[in-house]
Amino acid sequence: MGRTKVSTLFANKHNNNNYMLPYSNTIRQTLVNRPNTHKDRFPFSLFELLRRLIHSRKVDGDSKTEEEEKVYSWLYTLAQSDKNLVFEYVRSTERGLSFTEADRRLRENGPNVPLEYSFPRWWHLLWNSLFHPFIIILIVLSVLSFITCDSPNGFIMLILVFISVTLRFYQEYSSSKAAMKLSEFVKCPIKVQRCAGRVVQKELVVQVDQRDVVPGDIVIFEPGDLFPGDISQASLTGESWTTDKTAEIREDHSTPLLDLKNICFMGTNVVSGTGTGLVISTGSNTYMSTMFSKVGKKKPPDEFEKGLRRIFYLLISVILAVVTIMFVINYTTSLNLSQSVLFAISVASALNPQMLPLIINTCLAKGALAMAKDRCIVKSLTSIRDMGSMDILCIDKTGSLTMNHAIMVNHLDCRGLPQEKILRYAFLNSYFKSDQKYPLDDAILAFVYSNGFRFQPSKWRKIDEIPFDFIRRRVSVILETEGGHSQFFGRFLLTKGALLEVLRVCSFIENFDKDEISPFSSDDYQRILNLSEDLSNEGLRVIAVAIRKLEMPQICETSNGSKREEEDIERDMVFIGLITFFDPPKDSAKQALWRLSEKGVKAKVLTGDSLSLTTRVCREVGISTTHVITGPELEQLDQNTFHETVQRATVLARLTPIQKQRVVQSLQTIGNHVVGFLGDGVNDSLALDAANVSISVDSGVAIAKDMADIILLEKDLNVLVAGVEHGRLSFGNTMKYLKMSVIANLGSVISLLIATLLFKYEPLTSRQLLTQNFIYSVGQIALAWDKMDEEYVKTPHKSSERGLSMFMLWNAPVCTLCDVATLLFLWFYYKAYTDVTQKFFHSAWFIEGLLLQTLIIHLIRTEKIPFIQDVASWPVIFSTVVTSAIGIALPFTPIGKVMGFSLIPLSYFGFLVLLFLGYFTVGQVVKRLYILVYKKWL
């Protein structure tokens with residue numbers, strides 16, 4: 001077939017403050033002035049460091065940026081303009097640009113890349129990885145330890161710093177590489193028409209790299225080309241079907257951007273048809289660039305990170321106050337500066353939860369291994385914790401809820417009744433067409449074969465074919481039978497395609513109820529349109545089937561080389577009926593969504609598909625369709641209404657990629673939700689980048705998998721249910737350690753302060769204090785293998801900003817109470833308040849403190865009564881036994897003598913039994929009161 005001349009407005013972008021239009025053109029000056037590029041800055045100043053530690057930027061999702069508005073306005077302006085005016089805007093002609101002019105514009109505008117972005121260097125990412133609150137504390141304490149000649153403690157803290165910084169650097173470096181891959185998405189050779197010759201110019205078709213395309217170029221496209229034309233816009237909208245493009249239309253502003261018929265977008269591909277297009281924008285002024293410019297934007301910090309920051313500030317305050325008091329008191333009594341400094345550093349070290357980074361990463365790594373068994377690849381460990389806190393899962397319908405391929409549903413006449421004759425002709429059309437097979441043809445063939453129909457195609461002979469194109473939007477085959485098969489004898493033209501295009505060539509209609517063919521009336525036309533609308537509202541796609549019996553002389557055999565006139569043949573046809581298709585939901589989707597709902601995770605569908613199709617799928621899988629909205633409707637809402645609608649809606653259809661991102665950000669910032677997003681296309685990349693938990697599938701496009709934190713090797717939502725359970729287990733065990741460590745350390749340090757005020761010597765030497773801290777910190781690693789209460793994993797959990805602080809204020813005094821009771825017992829029963837009894841006091845205080853901080857795990861880890869209503873996992877029990885045994889045995893060993901310990905009488909261990917029984921009793925009472933007030937424990 002001949003080339004279809006489509007003067008399509010081809011949208012690319014470019015980074016330059018000057019564009020290719022005349023400078024007097026106010027439209028160009030108003031719409032496409034480019035923003036200044038924001039460069040990454042290296043945070044040299046102390047002020048910048050403090051600002052980054054204290055403040056976090058909130059990402060709003062309510063409206064377009066100024067740059068997006070300019071791009072949108074420019075595209076709509078050209079879509080509504082006459083073709084000649086568009087050529088004038090871009091200073092080009094239908095002959096194309098000369099090579100000299102194209103080179104000049106390339107130098108002026110720069111390469112045609114969607115976004116000119118300076119990706120951060122590896123040392124910049126490494127620098128950023130160092131600025132974690134607890135990393136800073138560890139670095140400061142390790143430096144002070146080396147200064148005071150306490151090298152072992154300094155080395156331990158540096159090792160913890162190395163592990164944590166390495167893991168964080170690796171994750172951020174991987175994310176940076178994912179963003180860089182976006183620039184590779186649109187790389188491909190392009191055919192352009194250029195003028196050559198000094199005297200007589202001649203049009204030449206040359207192939208140039210995509211980066212060298214400039215505004216004003218005439219682009220020639222064919223099927224498979226990654227640029228404009230009759231294109232499949234699934235990469236931008238997420239729709240399962242193709243989108244028609246034509247130059248023979250002038251759009252208005254009411255048409256959604258991605259539905260503009262005369263605009264083709266960078267990054268989309270041609271499915272069928274050929275044509276030419278005029279490049280109107282390149283580089284950073286394309287629609288795709290508005291997508292790329294949003295990738296890598298900072299997500300709002302989650303509640304867990306906020307809680308850590310609040311604990312960091314509290315710890316800094318407490319450390320400074322307590323350490324100062326400890327130093328002053330110790331120096332006043334001992335007059336030994338180095339000993340006092342070392343003791344103060346040891347106290348600060350004991351107060352800091354040194355194992356927090358290691359415990360967090362151990363919990364998350366264990367969760368990642370468990371998810372790997374469920375065929376999930378976890379790229380970002382922190383996403384496991386976020387998955388446990390996730391309370392909203394946004395799903396792109398295509399391929400997530402549905403099978404992502406069409407199946408045939410029915411074959412209906414004009415009155416909506418099934419007729420086998422309609423299926424027979426649709427089958428023969430699909431069976432004999434050879435130009436290009438489409439998914440709908442495969443669906444028709446599969447329906448016929450699987451339902452046992454026998455239409456005997458061997459008795460038909462193909463004469464000719466009129467291929468499908470996006471102007472006619474239909475395909476016809478000419479078939480012939482021989483012999484006397486009643487009504488099927490002779491030569492026939494069988495046509496199927498888009499409903500309106502098939503109706504356009506029909507003059508008759510077959511009435512199956514009367515078994516007659518009658519002229520096509522306006523009533524018939526309206527009845528068919530109403531039926532089609534009803535079917536579409538049910539989420540079905542519809543194509544029409546028509547037939548015409550040909551006289552033998554009317555068509556020449558193609559073997560003779562004569563050309564038939566398509567328009568003369570495709571006329572006066574008989575409309576016989578409709579074929580309906582559906583993209584069915586997966587069998588596992590309904591069960592998985594129900595299980596997620598049981599665990600407190602609400603599902604929202606964010607898709608580029610039509611509202612009717614999405615609504616039908618959602619009803620079948622159990623998603624509420626009471627509150628639904630489309631992307632074009634969202635565009636008309638003001639800021640407050642936008643946020644309210646997003647929170648309420650469960651189905652959001654016909655969304656652009658940028659709208660998906662805004663919806664996710666609105667749920668995060670305004671709704672205060674932890675949002676997960678499941679998608680597998682380029683159109684999902686922005687939402688994946690913005691979500692707290694980004695999930696893709698192994699069959700997804702490269703950029704979606706690069707953006708994802710978690711990759712599913714199977715498209716089964718049930719895997720996400722297991723992921724949520726693993727996430728909540730990891731989050732719960734992390735919170736166990738954090739809360740237990742902070743209250744134990746804080747209670748212990750307060751007790752040390754009280755003991756220092758009462759005694760004339762240190763309650764523990766710096767070496768004894770560091771040894772005690774190290775032993776129980778190592779024992780706490782077993783928490784990563786602990787189990788959680790069944791009630792805990794049924795609901796999502798978030799770390800509130802005040803939660804950790806209030807937890808400390810309630811529970812730390814209980815630890816201090818036990819220590820004070822021990823202090824009084826040693827004072828009054830053993831008279832351990834003189835220099836002679838100093839070693840005995842150190843030994844007794846060491847054992848009590850270590851056992852208390854070991855047993856506190858069992859009180860904190862569950863809402864229930866420990867050892868009675870709930871028992872910890874065997875790794876935690878084993879760790880408790882080993883740690884306690886080491887603590888009790890150490891004073892009786894040669895190592896204990898070297899550390900300054902002495903033997904302990906058995907009567908003291910009897911006191912410890914009573915003390916810990918009292919601790920668990922008081923602690924359980926405080927626990928019940930805390931749960932009564934705050935309605936939760938961990």
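Starting from 1, each residue takes its place in the sequence as its number. For the numbers below, each heavy atom of this structure counts, side chains included, while hydrogens, waters and symmetry mates do not.
Annotation: side chain of Leu890 is in contact with side chain of Met899 (closest heavy-atom distance under 4.5 Å). Residues Ile860 and Phe807 form a side-chain contact, since some pair of their non-hydrogen atoms from C-beta on lies under 4.5 Å apart. Taking the side chain as every heavy atom from C-beta outward, Asn692 and Met387 never approach each other to under 4.5 Å. Within the 4.5 Å cutoff, the side chain of Ile877 has heavy atoms near those of the His858 side chain. Using a 4.5 Å cut-off on side-chain heavy atoms (C-beta onward), Ile888 and Leu850 make no contact. Within the 4.5 Å cutoff, no side-chain heavy atoms of Glu725 are placed close to those of Leu729. Side-chain contact between Ile857 and Lys736 is absent, with no heavy atoms from C-beta onward closer than 4.5 Å. Two residues are said to be in side-chain contact when any heavy atoms from C-beta on lie closer than 4.5 Å; Met788 and Asn733 meet this criterion.
In summary, the side chains of Ser383 and Asp709 do not present any donor paired with an acceptor at a separation below 3.5 Å, with no hydrogens or angles considered. A donor-acceptor pair shorter than 3.5 Å can be found between the side chains of Ser907 and Tyr830.
The six-membered or imidazole ring of Phe901 lies away from that of His842, with a centre-to-centre distance of 6.0 Å or more. Ring-centre distance between Tyr792 and Trp937: not below the 6.0 Å cut-off. Centroid-to-centroid, the aromatic rings of Tyr908 and Tyr829 stay 6.0 Å apart or farther.
Ring orientation note: the planes of Phe731 and His797 are close to parallel, at an angle under 30° on the 30°/60° scale.
Atom OG of Ser843 and atom CD of Gln838 lie 10.5 Å apart (nearest 0.5 Å).
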